[in-house]
Amino acid sequence: ARLVWTPFGAYPLAESALDRPEEPVLALGAGVLNLATNDEDDPTEEALRINVEAAFKLGGVSAQAEFFTEELEDDGEDELTTNAWYAQAGYLLESGYELAGRYGAVSPDVPGGILDETELAVAASRYIEGHNLKVQADYTVIQRELADQSDGQLRLQLQLLF
């Protein structure tokens with residue numbers, strides 16, 4: 001189940017501010033998912049996921065953030081809780097170019113935080129025909145505590161919808 005409140009009117013389901021709203025638009029939401037399995041091959045018996053989210057747009061500015069928590073319980077009644085969140089912001093120029101940044105973290109509750117991961121990303125987009133035709137590039141640094149390593153990822157993509 002997911003519930004979203006948009007106090008200033010409709011909020012289009014697109015991360016960028018392609019609509020360039022002249023008045024602020026805001027979406028506040030929350031969701032919950034509860035899964036139960038009886039599969040012998042799947043040690044997870046129950047999973048509960050909860051999230052809260054916020055998104056904002058004004059002119060060429062767009063920003064959003066979300067927090068998730070998940071609790072897994074297996075048939076031996078062992079539990080694992082994982083918290084994760086991200087925040088991102090972007091600015092869309094009148095020319096259709098956008099610059100954006102994102103930071104996120106995932107943190108399972110294991111001793112010493114050895115499974116923690118973070119990501120830091122910068123992105124540039126060129127919207128040729130909105131989301132139907134766009135070119136995007138981003139560079140992301142992913143830090144993994146378990147291996148005490150940091151990996152860089154460079155991605156270039158073309159999106160064509162018809």
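From a predicted model like this one, the values you see are computed outputs, not experimental measurements.
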Student check: side-chain heavy atoms of I128 and V135 closer than 4.5 Å: yes
Partner set under ring-ring contact (aromatic ring centres under 6.0 Å, His included) for Y103, not counting sequence neighbours: W85
Spacing of R155 atom CZ and D138 atom CG [to the nearest 0.5 Å]: 4.0 Å
Gap separating the CG atom of L26 from the CG atom of L58, nearest 0.5 angstrom: 11.5 Å
Residue of the set L33, V32, T82 for which side chain to side chain contact (heavy atoms under 4.5 Å, CB included) holds with R49: L33
Sequence-distant partners of S107, side chain to side chain contact (heavy atoms under 4.5 Å, CB included), two or more places apart: D116
Same apolar cluster (I L V M F W Y, side chains within < 4.5 Å links), I142/F68: no
With Y86 via ring-ring contact (aromatic ring centres under 6.0 Å, His included) - residues at least two apart: none
For A63 against Y11, the heavy-atom pair lying closest together: O-OH, 4.4 Å
By side chain to side chain donor-acceptor pair (under 3.5 Å) - contacts of Q149 (at least two apart): D151
Atom pair CZ (R102) and CD (Q64), whose distance is rounded to the nearest 0.5 Å: 7.5 Å
N34 to A47 - nearest heavy-atom pair and separation: OD1-O, 3.2 Å
Rounded distance (nearest 0.5 Å) linking atom OG of S150 with atom CD of E117: 11.0 Å
Close side-chain approach of L120 to T118, heavy-atom, < 4.5 Å: no
More than 12 heavy atoms of other groups within 6.0 Å of L154 CG: yes
Residues in side chain to side chain contact (heavy atoms under 4.5 Å, CB included) contact with L160, at least two apart in sequence or another chain: L133, F162
H131 backbone acceptor or donor facing Q159 side chain under 3.5 Å: yes
Test side chain to side chain contact (heavy atoms under 4.5 Å, CB included) applied to N132 - qualifying residues, sequence neighbours left out: L161
Shortest non-hydrogen separation from A121 to T140 and the atoms involved: CB-OG1, 3.4 Å
Main-chain N/O of S16 paired with K57 side-chain donor or acceptor, under 3.5 Å: yes
From CD (E129) to CG (L18), nearest 0.5 Å: 11.0 Å
Over 12 non-hydrogen atoms of neighbours within 6.0 angstrom of CD in E22: no
Full working for side chain to side chain contact (heavy atoms under 4.5 Å, CB included) between L115 and V106: CA-CA 8 Å; L115 296 180; V106 177; over 6 Å; no
Heavy-atom pair of closest approach, residues G152 and Y139: CA-OH, 3.5 Å
Same apolar cluster: F8 and W5, side chain cutoff 4.5 Å: yes
Steps toward side chain to side chain contact (heavy atoms under 4.5 Å, CB included) verdict (V25, T6): CA-CA 7 Å; V25 289; T6 56; over 6 Å; no
Exercise: identify the closest heavy-atom pair between S125 and Q136: OG-NE2, 3.1 Å
Nearest-0.5 Å distance that lies between atom CD in E53 and atom CG in L3: 9.5 Å
Smallest separation among heavy atoms of L92 and A17, with atom names: CD2-O, 3.5 Å
E119 side chain reached by Q153 side chain, heavy atoms, under 4.5 Å: no
